[in-house]
Protein chains: 2
Amino acid sequence: VQIAIGTYPGITALDAVGPYEVFAHLPGADVVVCAAQRGELDDDQGRLHLRIEYTFEETERPDVVLVPGGLSTRRLLRDGHPIIDWIRAVHPTATYTTSVCTGALLLGAAGLLDGRRATTHWTAHDTLRAFGARPIEQRVVEDGTIITAAGVSAGIDLALTLVARLTEPDIARAIQLGIEYDPQPPFDSGTPATAPPGIVELVRAVTGDAEQRFLDGPADMPDRRSGYPFSHDHDDRSKT
Amino acid sequence: VQIAIGTYPGITALDAVGPYEVFAHLPGADVVVCAAQRGELDDDQGRLHLRIEYTFEETERPDVVLVPGGLSTRRLLRDGHPIIDWIRAVHPTATYTTSVCTGALLLGAAGLLDGRRATTHWTAHDTLRAFGARPIEQRVVEDGTIITAAGVSAGIDLALTLVARLTEPDIARAIQLGIEYDPQPPFDSGTPATAPPGIVELVRAVTGDAEQRFLDGPADMPDRRSGYPFSHDHDDRSKT
């Protein structure tokens, strides 16, 4: 089983690495992290630098496709990023095509979600609807061979669900135990339904601003200076 | 606030990236991913390649230290890896020194856990005890300025707890909502107490074997051919 994680500059690291950690422990799985080009790409916070070993062209028949989200996805949609063509090309022969967070928007742009039930980050449900999808407020949404997850951390739940589909529940249980996934969030603020209303509005505004900075940024985004606006300019830190 | 994530070849990627994603959204935080040397290092599954921008030498006064675990930690202990000296050097001036999973063993080797309450991956509690620590079966354990988390995915819970300590709970709530951390594992197998006994023994054996392969491996570990034994040899995949 080849599992391809399709990446691009400005991904949200945890969208990709949560499922990666689950898939990497799947017996017999060949996990391939690929992108439009070989070489380095940064995540949307600009502090994590991945070296990509495989191109989309080299990854033309994965059994499972996973597309992470990121603050740059709206820019990718505007620019018609190559990942959209890749998703369209690999989907017909894939056993499952999946996404985490705003990765669903890229599935939408590839034409996969028309008339489908799907989910994405809670701030992006309206955009998902624009692709003909029926947004569902659920952590993991399965519609035929397409499985989509809600924001960022939901990728872990999606990956465990998928492992059970691909093999058997006990393999998923073993991986869950291996990564000691017995989550105990210290607060109950993980969805807009449970978070305080003021915080919902704050996060919506901050996320929108960050996406706008990616839209406005230079061609070689992500620009480290235009990341999530909570963060200050990292480059000013004093060196020893 | 400078938050340093200290890495090494053979880390478990999610141990580092879970907290990274939380910290990167902390207003004013300068998140530095550092290692003994600049350049590339691989995770313990061998499919994720990080380019490291900062050395331990350049990161000498972080406010918060986070040490991820990995299948290579026992080898690091045996070889006296430079991260152990770094932990010993930065701890006295750090506001918090923290670990995820078997990162706690490195804190132990640096002499930080003698007489302390701490936790680690459930398979490593005995090793933790050998460093004078009192292993606690709890997801996140706070003892003074030292905070340790259980295996792999527990780093997310640790990071949210820490953000609330460093700032205020509402910031942690906003970050939790941003990463939509409303976990819904599809199975109840995240701890040895809830997993089926046969699966507990399987995962214990597989983890021990994988650690042994790192111990036996060549000096430039992680050797891609000696990763987690669930995985087959990735290099045999046919290229296009």
Side-chain angles (χ1 to χ4, degrees), chain A residues 2 13-14 17-18 20-21 24-25 27-31 33 40 45 47-51 53 58 60 121-122 139 150-154 157 160-161 164 169-170 172-174 176-187 189-191 195 199-200 202-203 228 230-232 234 237 239-240, chain B residues 2 13-14 17-18 20-21 24-31 33 40 45 47-51 53 58 60 121-122 139 150-154 157 160-161 164 169-170 172-174 176-187 189-191 195 199 202-203 228 230-232 234 237 239-240:
Chain A
Q2 187 185 81
L14 184 54
V17 172
Y20 168 85
E21 202 65 60
H25 290 82
D30 177 20
V31 181
V33 181
E40 196 172 310
Q45 303 298 329
R47 304 306 280 172
L48 209 69
H49 318 294
L50 299 180
R51 186 179 61 76
E53 216 175 359
E58 290 171 328
E60 51 179 15
H121 193 271
W122 60 272
R139 192 136 176 98
V152 191
S153 61
D157 296 329
L160 288 170
T161 302
D170 271 358
R173 287 190 181 98
Q176 183 184 0
L177 180 60
I179 64 168
E180 210 163 341
Y181 186 48
D182 173 39
Q184 296 173 23
F187 303 99
S189 184
T191 69
I199 287 179
V200 175
L202 172 71
V203 173
Y228 206 61
F230 266 154
S231 303
H232 72 180
H234 294 296
R237 84 188 188 89
K239 302 234 179 116
T240 57
Chain B
Q2 186 185 81
L14 184 53
V17 172
Y20 167 85
E21 201 64 61
H25 290 82
L26 179 64
D30 177 19
V31 180
V33 181
E40 194 170 309
Q45 303 298 329
R47 303 305 281 171
L48 209 69
H49 318 294
L50 299 181
R51 186 178 61 77
E53 217 176 0
E58 290 171 327
E60 50 177 18
H121 193 271
W122 60 272
R139 192 134 175 100
V152 191
S153 61
D157 296 328
L160 288 169
T161 301
D170 271 358
R173 287 191 181 97
Q176 184 185 358
L177 180 61
I179 64 168
E180 210 162 340
Y181 186 47
D182 174 39
Q184 296 172 23
F187 303 100
S189 184
T191 70
I199 287 180
L202 172 71
V203 173
Y228 206 62
F230 265 154
S231 302
H232 72 178
H234 293 297
R237 85 187 188 89
K239 301 234 180 117
T240 57

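Naming: A, B, ... by sequence-line order, numbering from 1 per chain.
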Legend entry - Ala13(A) portion near chain B, given a 4.5 angstrom heavy-atom threshold: both
To the nearest 0.5 Å, tell me how far [X] [atom1] sits from [Y] [atom2].
{"X": "Gln45(B)", "Y": "His25(A)", "atom1": "CD", "atom2": "NE2", "answer": "4.0 Å"}
{"X": "Arg47(B)", "Y": "Asp30(A)", "atom1": "CZ", "atom2": "CG", "answer": "5.5 Å"}
{"X": "Asp182(B)", "Y": "Ser153(A)", "atom1": "CG", "atom2": "OG", "answer": "8.0 Å"}
{"X": "Tyr20(B)", "Y": "Leu48(A)", "atom1": "OH", "atom2": "CG", "answer": "5.0 Å"}
{"X": "Leu177(A)", "Y": "His121(B)", "atom1": "CG", "atom2": "NE2", "answer": "6.5 Å"}
{"X": "Ile199(B)", "Y": "Asp170(A)", "atom1": "CD1", "atom2": "CG", "answer": "3.5 Å"}

Legend entry - By side chain to side chain contact (heavy atoms under 4.5 Å, CB included) - contacts of Asp157(B) (at least two apart): Gln184(A), Pro185(A), Pro186(A), Arg139(B), Val140(B), Tyr181(B)
Legend entry - Minimum heavy-atom distance Ala174(A)-Val203(B), with the two atoms named: O-CG2, 3.4 Å
Inset, instruction - Indicate the atoms forming the closest heavy-atom contact of Gly151(A) with Glu180(B), along with that distance. - result: N-OE1, 2.9 Å
Legend entry - Closest-packed option against chain B by number of heavy-atom pairs under 4.5 Å, given Gly18(A), Ala164(A), Pro169(A): Pro169(A)
Inset, instruction - Quickly, which of Glu40(B), His49(B), Arg51(B) forms a side-chain contact (heavy atoms from CB on, under 4.5 Å) with His49(A)? Name it, please. - result: Arg51(B)
